[in-house]
*Asks:* 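Structure provided below as structure tokens; questions to follow.
Every chain is numbered from 1 and lettered A, B, ... according to where its sequence line falls, protein lines coming before strand lines.
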Amino acid sequence: MTIHLFNTLTRRKEAFRPLDEQRVTMYACGPTVYNYAHIGNARPAVIFDLLYRILSRRFPKVVYARNITDVDDKINQAAAELGVPIQVVSERFAEAYHQDMAALGVGRPTIEPRATDHIDQIITMIQTLIDKGHAYVAEEHVLFDVEQFPDYGSLSRRNKRELIAGARVDVAPYKKGPGDFVLWKPSTEAQPGWDSPWGRGRPGWHIECSAMSAAHLGEIIDIHAGGQDLVFPHHENEIAQSRCAHGTDVFARYWMHNGFVTVEKRKMSKSQGNTLIVHELLKTWPGEVLRYVLLSAHYRQPLDWSEKVLEQARATLDRLYGLLRDHLNGQVSEPDAAVIEALEDDLNTPTALAALNGLARQLADADQADKAELAARLQSSGSVLGLLQQQPSAWFESMRKAIEIDESEIRKLIEQRNQARRDHDFETADRIRDELIERGIELRDGPEGTSWEVASR
RNA sequence: GGCUAGGUGGCAGAGUGGUUAUGCAGCGGCCUGCAAAGCCGUGUACCUCGGUUCGACUCCGGGCCUAGCCUCCA
């Protein structure tokens with residue numbers, strides 16, 4: 001089956017055919033490193049990492065670039081507040097980002113270009129745009145002239161007149177057109193800056209992605225991805241810059257945009273102050289639970305975050321890991337075709353998870369002889385989704401860590417209870433069990449003795 | 001105001017012109033000293049009004065509602 005992807009450019013699901021099967025290129029807008037990532041920032045990281053894995057199954061080489069924006073006024077502000085150089089801020093949060101994403105099972109992209117390492121390319125690109133008449137200099141700024149690009153608005157389906165009518169911002173007086181956007185802006189002494197033909201300054205936000213994408217992937221790339229809120233103006237501007245600079249008809253052939261994570265149905269965003277920081281969530285939840293939740297809705301749909309969905313994901317993973325614990329025996333297997341098929345159909349993760357759970361049911365129903373193979377298939381299918389990769393014992397162990405427990409004491413109580421049971425003193429036995437339940441511990445009497453788990457709720 | 005998504009069972013969330021999504025919770029059963037876990041079984045879901053059709057939750061049109069973008073934002 002061919003991979004199908006929903007293309008924002010056409011608003012349709014299309015068969016994915018790369019320009020060069022030997023070298024598929026994708027670019028995702030990465031973080032601006034001035035703060036810890038919230039769960040909404042994690043969604044594209046998880047989703048497009050998954051896309052990268054799916055593509056890599058089909059194509060011999062996929063080059064995935066995800067940038068780090070390390071020059072930005074918010075970083076400057078954070079540095080000023082902390083009284084440290086901006087590099088300290090960007091380094092610190094880039095590292096935190098890597099750690100948090102790793103906890104969610106997100107791998108590193110092929111390339112992770114940083115804006116500050118590409119100032120030369122940015123300046124060159126801006127100069128090209130000026131030379132070709134697509135940009136102009138005004139009061140030490142360089143601006144992109146939207147009027148010179150007839151296709152402006154094609155991605156976001158806006159026309160320039162509407163943009164002007166709906167503009168809610170004051171237009172800077174030096175702009176020729178209200179939709180013109182900054183490619184380069186002057187820096188004060190205190191701000192980070194680089195020498196350029198237009199004086200000491202720093203790049204505008206949009207140009208870095210165009211420059212780095214061209215530098216590492218080429219003038220035309222296969223896939224460009226990011227959050228829905230980037231469609232306009234960020235991606236629209238990237239298209240304008242890149243196509244005008246390179247004289248091409250197309251910049252990215254497929255555009256993909258993920259929906260938002262919401263809280264109580266409202267968009268999670270730093271400006272609204274309703275963010276849930278991944279770093280904090282990881283203190284109470286295993287990364288795998290967060291990942292499961294992020295995969296539980298289709299990537300283009302909004303995903304409403306709540307304690308409840310976390311509990312549900314946890315319960316489901318508990319069951320799956322329980323099956324693996326009981327039936328895995330070192331066999332290996334290919335992933336289930338239904339899981340792959342669902343993912344290749346525009347990353348339909350809910351259907352893929354349904355297939356995964358269907359496999360779990362099959363395993364539960366199967367004859368003893370088939371269980372090991374099915375368990376291996378379950379684990380292997382999970383791996384495509386970046387799930388079920390821990391040792392089951394490690395999973396249950398991590399659950400135990402969530403609450404303060406003295407294991408030896410529990411073992412002692414279990415032994416007391418079992419003695420009482422042997423004595424048919426069920427009153428005592430039940431009392432001990434109830435005490436443990438009070439402390440969030442559930443006992444399980446099995447053929448091999450009594451084990452315990454942290455209770456679900 | 002312009003533009004873009006979406007309204008599915010108790011909750012989460014896929015999907016399809018006429019067949020079981022799936023998960024979580026609930027209920028009944030098996031198992032158990034009693035439980036828990038597990039397993040089995042179970043639930044007449046598709047905002048509204050028209051239209052197309054032999055037949056629509058699924059296609060088309062109107063309405064209502066929600067969210068998002070138009071400003072930094074994943």
*Asks:* Quick check for you: among B:G23, B:A74, B:G33, whose closest atom lies nearest to any side-chain atom of A:Thr32?
*Replies:*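 Looking only at side-chain atoms, A:Thr32 lies closest to B:A74.
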*Asks:* Within the 4.0 Å heavy-atom criterion, would you say A:His424 contacts the bases, only the backbone, or no part of the nucleic acid?
*Replies:*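 Contact class for A:His424: none.
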*Asks:* If you look at every strand shown and take non-hydrogen atoms under 4.0 Å, does A:Val293 touch a base, only sugar-phosphate, or nothing?
*Replies:*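 Here A:Val293 touches no strand at all.
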*Asks:* Verify whether one side chain among A:Tyr299 and A:Asp346 offers a donor that lies under 3.5 Å from an acceptor in the other.
*Replies:*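 Looking only at side-chain atoms, A:Asp346 and A:Tyr299 do form a donor-acceptor pair, the distance falling under 3.5 Å.
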*Asks:* Once you apply a heavy-atom cut-off of 4.0 Å, does A:Ser269 come out as touching a base, just sugar-phosphate, or nothing?
*Replies:*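 Answer is base: heavy atoms of A:Ser269 come under 4.0 Å of a base.
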*Asks:* If we count only N and O atoms by modelled type, under 3.5 Å, do the side chains of A:Glu334 and A:Ser380 hold a donor and an acceptor together?
*Replies:*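 Their side chains do not contain a donor-acceptor pair, so the 3.5 Å distance test is not met.
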*Asks:* Looking at A:Gln416, I want to see if its CD is surrounded by more than 12 non-hydrogen atoms of other residues, nucleotides or ligands under 6.0 Å.
*Replies:*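 Counting other residues, nucleotides and ligands, CD of A:Gln416 exceeds 12 neighbours.
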*Asks:* Just the rounded figure in Å: distance from P of B:A74 to CG of A:Leu276.
*Replies:*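 For the pair A:Leu276 CG and B:A74 P, the rounded distance is 15 Å.
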*Asks:* In whole Å, what is the span from the CE atom of A:Met101 to the P atom of B:A74?
*Replies:*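 The distance from CE of A:Met101 to P of B:A74 comes to 11 Å, rounded to the nearest Å.
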*Asks:* Which listed nucleotide (B:C24, B:C70, B:A74) is nearest to the side chain of A:Asn258?
*Replies:*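 For A:Asn258, the side-chain atoms sit closest to B:A74.
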*Asks:* Each nucleotide in nucleotides 12-17 of chain B should get exactly one letter: B, S or -. Can you fill that in based on protein heavy atoms under 4.0 Å?
*Replies:* -SSS--
*Asks:* With a 4.0 Å heavy-atom cut-off, tell me which residues in residues 3-11 of chain A come close to RNA chain B, sorted by residue number.
*Replies:*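 Those residues whose heavy atoms fall under 4.0 Å from RNA chain B, taken from residues 3-11 of chain A in numerical order, are A:Arg11.
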*Asks:* I'd like to check the side chain to side chain donor-acceptor pair (under 3.5 Å) partners of A:Arg444; sequence neighbours left out, ordered by chain and number.
*Replies:*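 With neighbours one apart ignored, the set is empty.
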*Asks:* Can you tell me whether the side chain of A:Lys74 and the base of B:C72 have a donor-acceptor pair closer than 3.5 Å?
*Replies:*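 Counting by modelled atom types and ignoring angles, a donor-acceptor contact under 3.5 Å is found here.
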*Asks:* Not counting sequence neighbours, which residues clear side chain to side chain donor-acceptor pair (under 3.5 Å) with A:Thr316? List them please.
*Replies:*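 If we apply the side chain to side chain donor-acceptor pair (under 3.5 Å) test to A:Thr316, skipping adjacent residues, there are no hits.
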*Asks:* Quick one, A:Leu51 and A:Leu347 - any side-chain contact, counting heavy atoms below 4.5 Å?
*Replies:*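 Yes. Closest side-chain heavy atoms under 4.5 Å.
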*Asks:* N/O contacts under 3.5 Å, protein versus nucleotides 34-36 of chain B?
*Replies:*
{"from": "B:C34", "atom 1": "O2", "to": "A:Arg433", "atom 2": "NH1", "distance (Å)": "2.8"}
{"from": "B:C34", "atom 1": "O2", "to": "A:Arg433", "atom 2": "NH2", "distance (Å)": "2.7"}
{"from": "B:C34", "atom 1": "N3", "to": "A:Arg433", "atom 2": "NH1", "distance (Å)": "2.6"}
{"from": "B:C34", "atom 1": "N4", "to": "A:Asp445", "atom 2": "OD2", "distance (Å)": "3.0"}
{"from": "B:A35", "atom 1": "N6", "to": "A:Asp445", "atom 2": "O", "distance (Å)": "3.4"}
{"from": "B:A35", "atom 1": "N1", "to": "A:Asp445", "atom 2": "N", "distance (Å)": "3.2"}
{"from": "B:A35", "atom 1": "N1", "to": "A:Asp445", "atom 2": "OD2", "distance (Å)": "3.4"}
{"from": "B:A36", "atom 1": "O2'", "to": "A:Glu442", "atom 2": "OE1", "distance (Å)": "3.0"}

*Asks:* Under the side chain to side chain donor-acceptor pair (under 3.5 Å) test, which residues partner A:Arg266, sequence neighbours left out?
*Replies:*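 If we apply the side chain to side chain donor-acceptor pair (under 3.5 Å) test to A:Arg266, skipping adjacent residues, there are no hits.
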*Asks:* Return the set of residues passing ring pair (Phe, Tyr, Trp, His ring centres under 6.0 Å) with A:Phe144 (not counting sequence neighbours), or none when no residue passes.
*Replies:*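 Only A:Phe181 meet the ring pair (Phe, Tyr, Trp, His ring centres under 6.0 Å) criterion with A:Phe144.
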*Asks:* Near RNA chain B, under 4.0 Å by heavy atom, which residues of residues 353-368 of chain A?
*Replies:*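 Residues of residues 353-368 of chain A that come under 4.0 Å of RNA chain B are, in numerical order, A:Ala354, A:Asn357, A:Arg361, A:Ala364, A:Asp365.
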*Asks:* Looking for any heavy atom pair under 4.0 Å, which part of the strands does A:Gly259 touch: base, sugar-phosphate only, or nothing?
*Replies:*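 Touches a base.
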*Asks:* In this structure, how many angstroms lie between the C1' atom of B:C3 and the CG atom of A:Leu230, rounded?
*Replies:*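 A:Leu230 atom CG is separated from B:C3 atom C1' by 17 Å.
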*Asks:* Taking NZ, NE, NH1 and NH2 as the nitrogens, is one of them in A:Arg377 or A:Glu373 under 4.0 Å from a carboxylate oxygen of the other?
*Replies:*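 Yes, this pair counts.
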*Asks:* Under 4.0 Å, heavy atoms only, any strand: does A:Thr262 hit a base, just the sugar-phosphate, or nothing?
*Replies:*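 Nothing, no heavy atom under 4.0 Å.
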*Asks:* If the condition is side chain to side chain donor-acceptor pair (under 3.5 Å), which residues does A:Gln228 pass it with, not counting sequence neighbours?
*Replies:*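 A:Gln228 satisfies side chain to side chain donor-acceptor pair (under 3.5 Å) with no other residue.
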*Asks:* When the distance from CZ of A:Phe396 to C1' of B:A37 is rounded to whole Å, what number comes out?
*Replies:*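 That distance rounds to 10 Å.
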*Asks:* Among all residues two or more places apart in sequence or in another chain, which pass the ring pair (Phe, Tyr, Trp, His ring centres under 6.0 Å) test with A:Tyr321?
*Replies:*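 Checked A:Tyr321 against ring pair (Phe, Tyr, Trp, His ring centres under 6.0 Å); matches are A:Trp395.
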*Asks:* Please list, chain by chain and in numerical order, all residues satisfying ring pair (Phe, Tyr, Trp, His ring centres under 6.0 Å) with A:His327, sequence neighbours excluded.
*Replies:*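 Checked A:His327 against ring pair (Phe, Tyr, Trp, His ring centres under 6.0 Å); zero matches.
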*Asks:* Starting from P on B:A74, measure out to OH on A:Tyr97 and report it in whole angstrom.
*Replies:*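 Spelled out: OH on A:Tyr97 to P on B:A74 is 9 Å.
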*Asks:* How many whole angstroms separate atom CD of A:Gln228 from atom C1' of B:G6?
*Replies:*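 A:Gln228 atom CD is separated from B:G6 atom C1' by 11 Å.
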*Asks:* Who are the ring pair (Phe, Tyr, Trp, His ring centres under 6.0 Å) partners of A:His118, not counting sequence neighbours?
*Replies:*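 Listed in chain order: A:His216.
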